[in-house]
Each structure stands twice: as structure tokens, then as C-alpha cells.
Asks: 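Dumping the structure here so I can ask a few things about it.
Only this structure's heavy atoms are used, side chains among them; waters, hydrogens and symmetry mates stay out.
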Amino acid sequence: MKKPIIYIDMDGVLVDFTSALTKVLPEMLEKFAGEYDNIPGVFALMDPMPGALEAVDKLKEKYDLYILSSSPWENPTALGDKLAWVKKYFGGDGRENIFFRKVVFSSVKHLSRGDILIDDRTANGAGDFSGRLIRFGSDEFPDWQAILRELL
């Protein structure tokens, strides 16, 4: 039987974007004030969101999982840093990378076909996704535990 497809956003869903800001030099924060996603190397410094790694491990049994993330156009290291993050947290320590060749970088998320998109925003086409949009961080789905209760 074919598993339903779930796309999972990175920033603010799998990845704690703000965790990187404590690891960036103050002068870089000042230089990129209001545009932190354009700081070179910032995406490599992020920690996983609490419960994200464990949730993915549970969801992979019932769903066909993909990462669907947009990337800042003006940050030359963002794409490579994001892919390195996926390899580090889902393929390190000899583990099989469940996202091997299942990472999509796009700013037009509504063009991806699938059953569910887990995203924290409606930007970049997420709000027009043809399947079900689960808003991570919303009142209904404030964390990964709430999402697991809904989907498992």
C-alpha cells in the first residue's frame, strides 16, 4: 500500500532558526539586522526543534516523508548549509538518511503534490498547498507532540 506523502518545512518546524543567532558574532547580527536569514553560514548553526527528530522517526513508519523548504535568494551558503544540516541530523552516526534524495528546495510550495504539508507559515505558496496544511506553532498544533497525536 502506498503511504501518504508528508512534506515538512525546515525553518521553524524541523529547525530552530533562533538557536543559531546565539552562535553568530554580534557584528554580523548588527550588519544583517532584520535579515538574519542572509547571514552566511547561519543555517549550519541551527539546532533541531524540540521533538522534531523523534517525531520524524515515528512518522516515517506511516508516511512517505520529504523536506520542502525555501531558501533565501541572497544567501550564497543557505542551500548547502541546509542540505548539510539534513545530512548531519538524519544521516550521521551511520544511520540511514530517510531524506536521502527527498529534499526539495522551492519558493513555490503549492506546486508540490502531496497529502500534507507541515509548515509554520503560509508564505512561499504553503497557504495554497493543495493538500492539508498543518500550521506548526499554531494554537491547534503548538509542537511536535500535537502533530503526532493528530497524525498517528
Asks: Quick one: list whatever passes ring-ring contact (aromatic ring centres under 6.0 Å, His included) with Tyr36, sequence neighbours left out.
Replies: none
Asks: May I ask you to say whether Asp47 pairs ionically with Lys23, meaning some side-chain N is under 4.0 Å from a carboxylate O?
Replies: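 Result for this pair is yes, salt bridge flagged.
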Asks: For the pair Trp85 (side chain) and Met46 (backbone), establish whether a donor and an acceptor sit closer than 3.5 Å, ignoring hydrogens and angles.
Replies: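 Checked: pair present.
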Asks: Counting distance only, does the side-chain N/O of Ser107 pair as donor-acceptor with the main-chain N or O of Ser70 below 3.5 Å?
Replies: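 Checking the backbone N and O of Ser70 against the side chain of Ser107, no donor-acceptor pair under 3.5 Å is found.
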Asks: Can you spot which of Leu117, Ile67, Ile134, Ile118 makes a side chain to side chain contact (heavy atoms under 4.5 Å, CB included) with Val13?
Replies: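 For Val13, the side chain to side chain contact (heavy atoms under 4.5 Å, CB included) test succeeds with only one of Leu117, Ile67, Ile134, Ile118, which is Ile118.
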Asks: Under 6.0 Å from the six-membered ring centre of Tyr63 and within 45° of its axis: does the NZ or CZ of Lys3 meet both?
Replies: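 Cation-pi check for Lys3 and Tyr63: fails.
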Asks: So Ile116 and Ile5, do their side chains get closer than 4.5 Å, heavy atoms only?
Replies: no
Asks: Looking at Phe17, is its backbone amide N or carbonyl O close enough to the side chain of Asp11 to form a donor-acceptor pair, meaning the two atoms are under 3.5 Å apart?
Replies: no
Asks: With a 4.5 Å cut-off on side-chain heavy atoms, are Asn75 and Phe43 touching?
Replies: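 They are in side-chain contact.
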Asks: Examine the side chains of Ser71 and Lys82 and answer whether a donor and an acceptor come within less than 3.5 Å of each other.
Replies: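 No.
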Asks: Evaluate the criterion side-chain contact (heavy atoms from CB on, under 4.5 Å) for residue pair Ile39 and Leu29; output intermediate values, then yes/no.
Replies: CA-CA 8 Å; Ile39 297 172; Leu29 292 175; 4.1 Å; yes
Asks: With a 4.5 Å cut-off on side-chain heavy-atom distances among I, L, V, M, F, W and Y, is there a chain of contacts connecting Phe141 to Leu151?
Replies: yes
Asks: Kindly indicate whether the side chain of Glu150, heavy atoms from C-beta on, has any atom under 4.5 Å from the side chain of Arg132.
Replies: yes
Asks: Within the 4.5 Å heavy-atom criterion, are Val15 and Met49 side-chain neighbours or not?
Replies: no
Asks: Please answer whether the main-chain N or O of Lys109 pairs with a side-chain N or O of Tyr7 as donor and acceptor at a distance below 3.5 Å.
Replies: no
Asks: Roughly how far, to the nearest 0.5 Å, is the CG atom of Leu53 from the CG atom of Leu14?
Replies: 8.0 Å
Asks: Can you measure from NZ (Lys31) to CG (Asn38) and round to the nearest 0.5 angstrom?
Replies: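 So the NZ of Lys31 and the CG of Asn38 are separated by 11.0 Å.
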Asks: Evaluate whether atom CD of Glu30 has more than 12 neighbouring non-hydrogen atoms of other residues, nucleotides or ligands under 6.0 angstrom away.
Replies: no
Asks: Between atom CG of Asp81 and atom CG of Leu45, what is the distance when rounded to the nearest 0.5 Å?
Replies: 7.5 Å
Asks: Taking it one step at a time, do Asp9 and Arg135 satisfy salt bridge (Lys or Arg N to Asp or Glu O under 4.0 Å)?
Replies: CA-CA 10 Å; Asp9 180 44; Arg135 291 283 306 276; over 6 Å; no
Asks: When rounded to the nearest 0.5 angstrom, what distance separates CG in Asp57 from NZ in Lys60?
Replies: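 The CG atom of Asp57 sits 4.0 Å away from the NZ atom of Lys60.
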Asks: Among the clusters formed by ILVMFWY side chains lying less than 4.5 Å apart, do Trp73 and Leu79 turn up in the same one?
Replies: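 Looking at the clustering, Leu79 is in a separate group from Trp73.
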Asks: Describe, in one word, how the ring planes of Trp144 and Phe136 are oriented to each other, choosing from parallel (under 30°), tilted (30 to 60°) and perpendicular (over 60°).
Replies: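 Geometry flag for Phe136 against Trp144: tilted rings.
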Asks: For residues Ser106 and Leu68, determine if any side-chain heavy atom of one lies less than 4.5 Å from a side-chain heavy atom of the other.
Replies: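 Counting from C-beta outward, Ser106 and Leu68 do come under 4.5 Å.
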Asks: Using 0.5 Å steps for rounding, measure from the OG atom of Ser138 to the CG atom of Asp119.
Replies: 11.5 Å
Asks: Would you say the side chain of Ile6 lies within less than 4.5 Å of the side chain of Tyr66, judging by non-hydrogen atoms?
Replies: no
Asks: Find the distance between CG (Asp16) and CE (Met10) and round it off to the nearest 0.5 Å.
Replies: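 Taking CG in Asp16 and CE in Met10, the distance rounds to 12.0 Å.
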Asks: Within the distance-only criterion (no hydrogens, no angle test), does the side chain of Lys88 pair as donor or acceptor with the backbone N or O of Ala44 below 3.5 angstrom?
Replies: no
Asks: Are side-chain heavy atoms of Phe129 and Thr122 found at a separation under 4.5 Å?
Replies: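 Side-chain contact under 4.5 Å: no.
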Asks: Spell out, yes or no, whether Phe105 and Tyr89 are grouped together once hydrophobic residues are joined by side-chain heavy atoms under 4.5 Å, including indirect joins.
Replies: yes
Asks: Should Phe99 and Val104 be counted in the same cluster of Ile, Leu, Val, Met, Phe, Trp and Tyr side chains packed under 4.5 Å apart?
Replies: no
